[in-house]
Amino acid sequence: MVWYILRRLLQLIPVFFGATLLIYFMVFALPGDPIAALGGDRGLSPALADQLRAQYHLDQPFIVQYFIYLGGIFTGNLGTSFSGQPVSQILAATFPVTLRLTILAVIIESIAGILIGLVSGLRKGKLFDASALVVSLLLISIPIFVIGFVSQFIFGIQLKWVNPTVGDGAPWKDLILPAFVLASISFAYIVRLTRSSVIENLNEDYVRTATAKGLGRRRVIRVHILRNSMIPVVTYIGTDFGTLIVGATVTEGIFNVPGVGRTLYQAIIRGEGPTVVSFVTVMVIIYVVFNLLIDLLYGLLDPRIRYAK
Amino acid sequence: MSDTSARATISGSSLAATPLLEISNLNVGFTTQRGVVPAVNGVNFTIMPGETVAIVGESGSGKSTTAHAIIGLLPGTGKVTGGQILFDGIDLATATEKKLEEVRGNLIGFVPQDPMSNLNPVLNIGFQVQETLVANGKATRGKDAKAKAITVLQQAGLGDAEHRLRQYPHQFSGGMRQRVLIGIGLSSTPKLLIADEPTSALDVTVQRTILDHLAGLTREAGTAVLFITHDLGLAAERAEKLIVMYKGKIVESGPSVEILQNPQHPYTQRLVAAAPSLASRRIQSSSRPLATLDYVAPSIAGDVDLIATAEAHAEHTPVTKTLVPSIVVKDLTKVFQINTGKLQRQPFTAVDQVSFTIAKGTTTALVGESGSGKSTVARLILKLDEATSGSITVDGEDVAKLKGRELLALRRRMQPVFQDPFGSLDPLYNIGSTIAEPLVTHKVGGRKEQRARVLELLDQVALPTALADRYPNELSGGQRQRVAIARALALKPDIVILDEAVSALDVLVQAQILALLSELQSELDLTYLFITHDLAVVRLVADNVCVMQKGKIVEAAATDEVFGNPKQEYTKELLAAIPGAGIQLAV
């Protein structure tokens, strides 16, 4: 087991180098001159432009730029943005906000999705099930910014239950509505996944045997159906966590959340290599680490996998 | 009915004269789109306390449905549509779910059919036994439950129960899992145990040990047993009373030996005739033993492609007489590397220096328990796996050296039929496409010729040609296995490798398939390698037998020789384990 975790963590090394190199190259290959864009309509004097280029190493060939950036990372310097702020500071300011938003969204979609999916699966074909399916289909088919704006308007402006936008320091209570919006699509998928998983398990022989040996219905559902049905759902939630961090961009824009999404978007537009690469690399690492955690959890849920390793 | 009055009736009924279970006029139906389809029709029978009763019938006869109706666990849309199930004075057909929960496990134990799928794979064995004890009030959660679970498993024949509590089902063999399930079924010392095909997934020798053990436990505790099986020999050996079901009705019932020796109903007569375990007692040595089976072959000679038949005859007739070796296996060895956890690997010899020769146009049976390496031999001959050492020669060609085009040519001449008629057909392919697939792969003929060949093959395996456009899930197990055989014959192979090809089938269907195989063999001069764990079937089809144990061939001889005069202790053991072998038939 320890060996397995170690091996998976070692995999992070090539992932790290591959991801940084690729992303750095993509930023480099973006059309347009970032320094010229900085000057706006008036333009910069050639001397100033050259000085800025030298400061950000933009006058060097691609591979040299990359190694200068890499060298910086290992000395704890992630470079600076065009606004002069160190990238590490921007990271520290924005990532926690997005992380909190995402965690809240994952909690909401897991609890609501699994509960509704379970009841739906147990009452297959009944009214509850049919409505859950229709609602989930709606959520999947409506674009997230529509859901975002509509709920912002209804709950934030008309009913005034919550603040329509997120305030300074992004307090938890302001994050609740954005988290619901962010969770909506995955919630719909979790409902459907749980439902089909429960229906499949209901027909398993061991469920019939569990009833035949005298267990009550509640216990059969809790111990023999729910737990077994969770295996595919847990995998989905794990990969979804990574997707949500990236996918938060739109939601963050609507609710004015000072998170990763907005910063990253602007950095890409400006062609700020170090900022983009640092942000995306952190995202990639979070993604990989989460997948590892999910694989470990998977082993806890399913002993057949635990012992196969 | 309140709890106390239920108990009172239970204690009052222990007089031998009152039946423990009395089923009268039971009707069970399944709701489909076309209305209610009856599955059990007016069934009546009684079980006295401590008595063992067996229900026999083919799949779809309603025997399992009857058993499930008793404990209120009918699958899907199944419902009791009429009649009474009186158990100790309680009518289970109309009882509330709560009442049923009290009866299940506590008063009626249940041992399910398939040990592989009836234990929850993600929970450990100890947990699954303990929760049963706790739910039925036989133990309190914690240490008490654990101690009692160990006793339960030890009684069920798991010696090292204490160490195995924390293990998971996938770490147990099929036989051990079935012991666990029997332990669970008997854990509350119920008054009645329903055993639904408890050993049909197991090897004969394991089956015998487990059934002996089960019989011992129930006799000791005075538990009545309702035994559901498709194996007449097994039923007769284990039960005092037999109930024969056919299409949802009881066609015959009475003392076991009486029914076997003097079956009244035509269906029972066919069942007795077709049961290979019983038949093998009667059929004396004969080159084509199937001819004596009470089985009317559907007209296969109707629309045979005359030119193809003539060609086949022209090709093969001169050779058959001289017994040319078709498959020669020499010193075949296969070693697997097994993961034993913690980065360690251990070599495991699955096939150990196996040698045999199969003559053209004959059938050789490879017999042994699961794990004896017989299926590995088949995989090696088909070149689905590489041998570690030794050689396989098919019609003079060394299989190991074949590559690419030549290998494809070999596959064309050598076709497999596998055990599971449900798993080996693609559910999304219709029957026509399934049979035509080998023709398409090997680019034989155009679309029209392929279609014509498919229809011809369907005819050859006695299936209506209309089936070509249907899908596997619309077919019965026997029909599916015919499709698998048709597919194997599509390329006109010389050799067919049958890996447990009839093991999953009901006796009557099994007899039909065996007759079909034998007919096809004489017609097309096929060579069969017949792999099975069922010695009874071997006697019906094989010319030669190789008995395998732990990767080695321990005995190889002509079929009559092996059955009449077994040399090895292991072979004798296998023969003795055939259910019903000891029953004398009055013929």
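Sequence lines set the chain letters: A, B, ... in the order given, protein chains first and strands last, and positions in each chain run from 1.
In this structure, CG in D129(A) is found 11.5 Å from CD1 in I116(A), a value given to the nearest 0.5 Å. Of the inter-residue distances, the one linking L175(A) atom CG with T251(A) atom OG1 reads 11.5 Å to the nearest 0.5 angstrom. Note that the CD atom of Q155(B) and the NE2 atom of H213(B) stand 7.5 Å from one another [nearest 0.5 Å].
Ranked by non-hydrogen atom pairs under 4.5 Å with chain B, the options A210(A), A212(A), G216(A) are led by A212(A). Of the listed residues (L202(A), V223(A), N201(A)), the one with the most heavy-atom contacts under 4.5 Å to chain B is V223(A). Of the listed residues (H68(B), E101(B), E97(B)), the one with the most heavy-atom contacts under 4.5 Å to chain A is E101(B). Counting heavy-atom pairs under 4.5 Å between each of G72(B), G109(B), S187(B), P121(B) and chain A puts P121(B) at the top.
The only option from D88(B), T223(B), L21(B) that meets the side chain to side chain contact (heavy atoms under 4.5 Å, CB included) definition with L192(B) turns out to be L21(B). Screening H224(A), R218(A), R217(A) for a side chain to side chain contact (heavy atoms under 4.5 Å, CB included) with I221(A), the sole residue that qualifies is R217(A).
For the pair R104(B) and F110(B), the cation does not sit on the ring face, since its NZ or CZ is not both under 6.0 Å from the ring centre and inside 45° of the axis.
Neither the backbone nor the side chain of V207(A) comes within less than 4.5 Å of any heavy atom in chain B. Heavy atoms of N136(B) lying under 4.5 Å from chain A belong exclusively to its side chain. Contacts of I71(B) with chain A are made by side-chain atoms alone, with heavy-atom separations under 4.5 Å and no backbone atom involved. Heavy atoms closer than 4.5 Å to chain A are found nowhere in I194(B), neither backbone nor side chain.
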